Amino acid sequence: MKQKLEALILQAIDVLKKDGILDGGVSPKFTIEHARDAQHGDFATNIAMMLAKPAKSNPRALAEKIVAALPVDSAVARVEIAGPGFINFFIDPNAQYQIVQKIHDDGSQFGLSRTGAGQRVQVEFVSANPTGPLHVGHGRGAAYGSVVADLLEAAGFEVHREYYVNDAGRQMDILATSIWLRYLEECGEIIPFPVNGYRGEYIREIAAEIHKASGNEYRRPAELLIENIPVDEPQGGDKETHIDALIERAKTLLGSGLYQDIFQVGLKTILQDIKDDLAEFGVNYQEWFSERMLMESGAVDEALNRLQQAGYLYEKDGATWFASSRLGDEKDRVVVRENGQGTYFASDIAYHMNKLHRGYDRIINIWGADHHGYIPRVKAAMQALGADESKLTVLLVQFAVLYRGEEKVQMSTRSGEFVTLRQLRNEVGKDAARFFYVMRRSEQHMDFDLKLATSRTNENPVYYVQYAYARICSVFRQLDEKNWARDLLEGMKHLPLLKEEHELNLIGTLARYPEVLERSALNYEPHQLIHYLRDLATDFHTYYNAHQFLVDDPALRNARLNLISAAKQVMANGLELLKINAPEVM
RNA sequence: GCGCUUGUAGCUCAGCUGGAUAGAGCAUCGGCCUUCUAAGCCGAGGGUCGCAGGUUCGAGUCCUGCCAAGCGUGCCA
């Protein structure tokens, strides 16, 4: 309907241009909005006010001329000029009813668009280090990222969902060493566990598995392990040097083959756990991209070479630096450390180069807000490599702070006492978890109240939408019990009987769905869809309380059934996109 | 210090990219179940949109400066 009005307005503008009222060169920049107040009709445009200045006219006078030039259309019942110069459109109800038929015809396809057709988008999200289970902080990125990806797909984009697996680097060595140390404990060795090691219970479990499967194959005496190792922090040493020395010792004592065994078991176990966790959360990927494979392919070296050729690398203090400050970053960044090892950033440059080579039209990274300082350097790298950095969009997701009622839930990675995503899912369920995560704008710092999400009573917003869906299902069950068959054609024919305010409101809301979906997708704002579904549920609940659907008059009854059936379809489509269950009974 | 994000009702948040009288939910108060699920509905109260300027027909929304909160500012990832 919006597009239709836009076309009509543009025609009117052309007429005015021909008549010399408007200068031919003016480009009409205007909006068409749903009127908030029913007094203002169904749609309103501000075009007269936008063009008043170039036309050297006052807005209301210009509006009169635009309205006069407006072509007649059967869908437009009436046009009014109001306020400072708004043009308000009143849509013919008969035109509005068509949406019910369209929803029925399109079914699960209703709302999908072709806006992004022919464009490929890559969405990378979560990408947590495989050094432990996902926690609730990752949950928000997972829910948000997956819905953004699904929304883009609904808007016609070809979407590639990807998880970047940091399976190389120091953190992974710390993981492997932590597992080995716990394994030695299993064997009966007495060893002090490093403060900087991974202390979670899952490390012990992996260690126990290895011990069960391989016995003492990886056992080495504790004396050899701690011999000449710099002391740990509690003993007055440096925890970083301490753990680095332990890693080196582990590699020496085990030899690279056995060390790799431990490393791989740790990686595989944890990565599999993450994959299962996400799948159960309704989050799926096309690709799990390995940092290690990237390095082995020589891509990192190649990226550095290209930066070198472009003149952006230099040596200082024994390290190799990327002159990112020349491209808008705060300062230059190290890409190769003094010890000859590439930094995480170096891999990331190669990774983004790889993404670019794959030819995506858009590259979307979803990061935790704590990584925001990282954006300028990645964009700088893309520029330095001659790439169009505007293809890259980084969406930041703020942290969720967990509450249980009034009480803040403490999280600490170090102690291993963090709340995992799995624990959250078990406590509040997949539906509520996804709903709550995506309910807020991603940049909003969010309070996640576990008590509210689990409450099975009035105050929980998740059930509000689901309840509306279940109620509609229930109406159709009642219909069967009364042995009244639903007559679809009869209902469609008598849609004009739906004249109640509640019915017209519901129809108007249903008609908005495609726009909401598209805006939600293009702005990467899933919360708009959530808010829409709540509005839709409200319209239905209100209608439900005000009127009876299963009335004796078959014409009215079937018309109403068609309307609520359309509402049911849109709710199902919206919830399906959010991967939230639409229950037939509650 | 600098940078990013945020600041809207008692609380948690929307506000359609600058539009008409700033909206929801929760909480508070008052009503509605002998007919389709009361996990619902109807009504009431509650606002200096952090503060101060600016831009214009028009600002919660844009620009500047303050104030406050969170995060960042590693040869960690």
Side-chain angles (χ1 to χ4, degrees), chain A residues 31 33-37 39-40 44-46 49-50 52-53 58-59 82-86 88 127-129 131 166 168-172 174 240 291 316-321 330-331 333-339 341-345 347-348 368-376 396 398-399 401 403 406 439-441 443-447 449 452 455-464 466-468 470-479 481-482 512 515-516 519-520 523 525 527-528 530-532 534-535 537-538 540-551 560 564 585-586:
Chain A
T31 58
E33 298 193 322
H34 289 276
R36 243 180 283 166
D37 192 329
Q39 274 186 353
H40 302 137
T45 179
N46 60 354
M49 290 175 284
M50 299 302 283
K53 191 172 269 183
N58 84 59
F86 288 103
N88 293 332
S127 299
N129 283 347
T131 52
N166 298 119
R170 184 162 168 268
Q171 295 303 321
M172 290 306 293
I174 296 177
E240 307 288 349
E291 179 187 6
K316 194 181 96 184
D317 303 333
T320 306
W321 297 69
E330 276 179 34
K331 53 180 157 185
R333 309 288 173 179
V334 170
V335 285
V336 181
R337 280 185 277 252
E338 205 176 344
N339 66 10
Q341 285 190 330
T343 58
Y344 171 83
F345 178 45
S347 307
D348 225 15
D370 54 333
H371 284 66
H372 65 77
Y374 202 75
I375 299 170
L396 296 176
Q398 291 288 343
F399 286 127
V401 181
Y403 285 84
E406 296 290 301
M439 182 164 68
R440 306 297 183 212
R441 237 167 64 238
E443 309 94 69
Q444 267 287 355
H445 300 101
M446 182 175 72
D447 291 347
D449 186 346
L452 181 62
S455 81
R456 300 205 124 265
T457 44
N458 50 0
E459 48 199 55
N460 194 327
V462 186
Y463 297 119
Y464 186 77
Q466 293 182 322
Y467 183 46
R471 266 184 156 177
I472 298 174
C473 294
S474 174
V475 171
F476 282 97
R477 281 194 298 272
Q478 295 286 325
L479 184 74
E481 280 168 29
K482 290 184 191 247
R512 264 171 55 209
E515 295 162 30
V516 170
R519 202 169 62 228
S520 209
N523 293 337
E525 289 181 340
H527 74 274
Q528 293 202 26
I530 297 254
H531 283 278
Y532 171 81
R534 288 187 59 166
D535 287 348
T538 298
F540 171 75
H541 283 310
T542 308
Y543 181 31
Y544 181 97
N545 276 276
H547 300 282
Q548 193 80 19
F549 307 136
L550 300 178
V551 292
R560 286 184 169 169
I564 63 170
V585 183
M586 279 178 80

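Note on naming: letters A, B, ... go to the chains in the order of the sequence lines (proteins, then strands), and numbering restarts at 1 for each one. As the structure is a computational prediction, the values presented were derived from the model and not from experiment.
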Across the strands shown, which category fits R534(A) at heavy-atom distances under 4.0 angstrom: base, sugar-phosphate, nothing? sugar-phosphate

Rounded to whole Å, please give me the gap between CZ in R337(A) and P in C75(B). 10 Å

Charged N-O contact under 4.0 Å between K316(A) and E338(A): no

Syn/anti label of U34(B) as read from its glycosidic torsion, with the cut at 90° from 0: anti

How close or far is atom C1' of C41(B) from atom OH of Y463(A), stated in whole angstroms? 21 Å

Closest to the T31(A) side chain, choosing from C36(B), C41(B), U17(B): U17(B)

In whole angstrom, what separates E443(A)'s CD from C71(B)'s P? 18 Å

In terms of side-chain heavy atoms of H371(A), which of A77(B), G40(B), U21(B) is nearest? A77(B)

When you compare U12(B) with U55(B), how far apart are their C1' atoms, in angstrom units rounded to a whole number? 34 Å

Does a side-chain N or O of R560(A) approach OP1 or OP2 of C36(B) to a distance below 4.0 Å, or not? no

Are V335(A) and W321(A) packed together at the side-chain level, in the sense that at least one heavy-atom pair is separated by less than 4.5 angstrom? no

Value in whole Å for how far the P atom of C42(B) lies from CG of N545(A): 7 Å

Glycosidic class, syn or anti, of C33(B) using a 90° window around 0: syn

Keeping the roles fixed (side chain from N339(A), backbone from Q341(A)), state whether a donor-acceptor pair exists under 3.5 Å. yes

What is the distance, to the nearest angstrom, from the NE2 atom on H527(A) to the P atom on A24(B)? 17 Å

For H531(A) and E291(A), find the nucleotide of RNA chain B closest to each by heavy atoms; which residue's nucleotide sits nearer the 5' end? H531(A)

Is the cationic atom of R512(A) (NZ for Lys, CZ for Arg) positioned less than 6.0 Å from the six-membered ring centroid of Y532(A) and within 45 degrees of its normal? no

Distance, P atom - from C63(B) to U6(B), rounded to whole angstrom: 12 Å

Has the side chain of N46(A) got a donor or acceptor atom sitting under 3.5 Å from an opposite partner on the base of G19(B)? yes

Under 4.0 Å, counting only non-hydrogen atoms across every strand here, what does M172(A) touch: a base, just sugar-phosphate, or nothing? nothing

Using a 4.0 Å heavy-atom cut-off across all strands, classify D348(A) as base, sugar-phosphate, or nothing. nothing

Taking N and O atoms by type only, does the side chain of H372(A) place a donor or acceptor under 3.5 Å from a partner on the base of C71(B)? yes

Heavy atoms under 4.0 Å, any strand shown: does E33(A) hit a base, just sugar-phosphate, or nothing? sugar-phosphate

Would you say R519(A) and Q528(A) make side-chain contact, with heavy atoms under 4.5 Å? yes

Residue that, paired with F86(A), satisfies side-chain contact (heavy atoms from CB on, under 4.5 Å) out of H40(A), E33(A), M49(A): M49(A)

Using a cut-off of strictly less than 4.0 Å, decide whether Y374(A) has a side-chain nitrogen or oxygen near OP1 or OP2 of C76(B). no

Mind checking whether Y344(A) and Y374(A) have parallel, tilted or perpendicular rings, split at 30° and 60°? tilted

With P as the reference atom in both, quote the distance from G18(B) to U61(B) in angstrom, rounded to an integer. 11 Å

Rounded distance (nearest 0.5 Å) linking atom CG of D535(A) with atom CD1 of I530(A): 12.0 Å

Between U12(B) and Q444(A), is there an OP1 or OP2 to side-chain N/O distance shorter than 4.0 Å? no

For A82(A), answer base if it contacts any base atom (sugar-phosphate contacts may also be present), sugar-phosphate if it contacts only those atoms, and nothing otherwise; contact means non-hydrogen atoms under 4.0 Å. base

Give me the distance, rounded to whole Å, that separates A39(B) from U48(B) when you measure between the C1' atoms they each carry. 38 Å

Consider the side chain of V475(A), meaning its heavy atoms from C-beta on, and name the nucleotide among C76(B), U6(B), C36(B) that approaches it most closely. C36(B)

Which pair of non-hydrogen atoms, one from A52(A) and one from N58(A), has the smallest distance, and what is that distance? CB-C, 4.3 Å

How many whole angstroms separate atom CD of Q548(A) from atom C1' of C41(B)? 14 Å

At less than 4.0 Å, is any side-chain N or O atom of T542(A) found next to OP1 or OP2 of C42(B)? Yes or no. yes

For A14(B), take OP1 and OP2 only and decide whether either is under 4.0 Å from a side-chain N or O of R441(A). yes

Candidates A77(B), U6(B), C36(B) - which lies nearest the side chain of H445(A): U6(B)

For RNA chain B, which consecutive runs of 3 or more Watson-Crick or G-U pairs (each distance under 3.5 Å) count as stems? B:1-7 with B:67-73, B:10-13 with B:23-26, B:28-32 with B:40-44, B:50-54 with B:62-66

Sticking with atom C1', work out how far C51(B) lies from A44(B), rounded to a whole angstrom. 32 Å

Between atom CG of L396(A) and atom CG of D370(A), what is the distance when rounded to the nearest 0.5 Å? 9.0 Å

Below 4.0 angstrom from OP1 or OP2 of G3(B), is there any side-chain N or O of K331(A)? no

Whether F86(A) stacks on the six-membered ring of A20(B) base, 5.5 Å and 30° limits: yes

Between A68(B) and A22(B), how far apart are the two P atoms, rounded to whole Å? 31 Å

Which sits closer to the 5' end of RNA chain B, A35(A) or K316(A), going by the nucleotide each is nearest to? A35(A)

Spacing of L396(A) atom CG relative to C4(B) atom P, expressed in whole Å: 12 Å

Pairwise C1' distance, G58(B) and C41(B) [rounded to whole Å]: 38 Å

Centroid under 5.5 Å and tilt under 30°, H40(A) to A20(B): yes

So what does Y544(A) touch, heavy atoms closer than 4.0 Å: a base, only the sugar-phosphate, or nothing? base

Starting from P on C16(B), measure out to CG on D535(A) and report it in whole angstrom. 14 Å

Pairing donors with acceptors under 3.5 angstrom, does anything connect the side chains of T131(A) and Q171(A)? no

Base, sugar-phosphate or nothing for A470(A)? Non-hydrogen atoms, less than 4.0 Å. base

Is a donor-acceptor pair below 3.5 Å formed from side chain N88(A) to base A20(B), judging by atom type as modelled? yes

Between U56(B) and G70(B), how far is it from one P atom to the other, in whole Å? 38 Å

Classify V336(A) by what it touches in the nucleic acid, base, sugar-phosphate, or nothing, heavy-atom distance under 4.0 Å. nothing

Compare the minimum distances between each of C41(B), G72(B), A77(B) and the side chain of Y464(A), then state the nucleotide with the smallest one. C41(B)

Would you please test R440(A) and H527(A) for side chain to side chain contact (heavy atoms under 4.5 Å, CB included) and show each step? CA-CA 6 Å; R440(A) 306 297 183 212; H527(A) 74 274; 5.8 Å; no

Just checking A546(A): base, sugar-phosphate only, or nothing, at a heavy-atom cut-off of under 4.0 Å? nothing

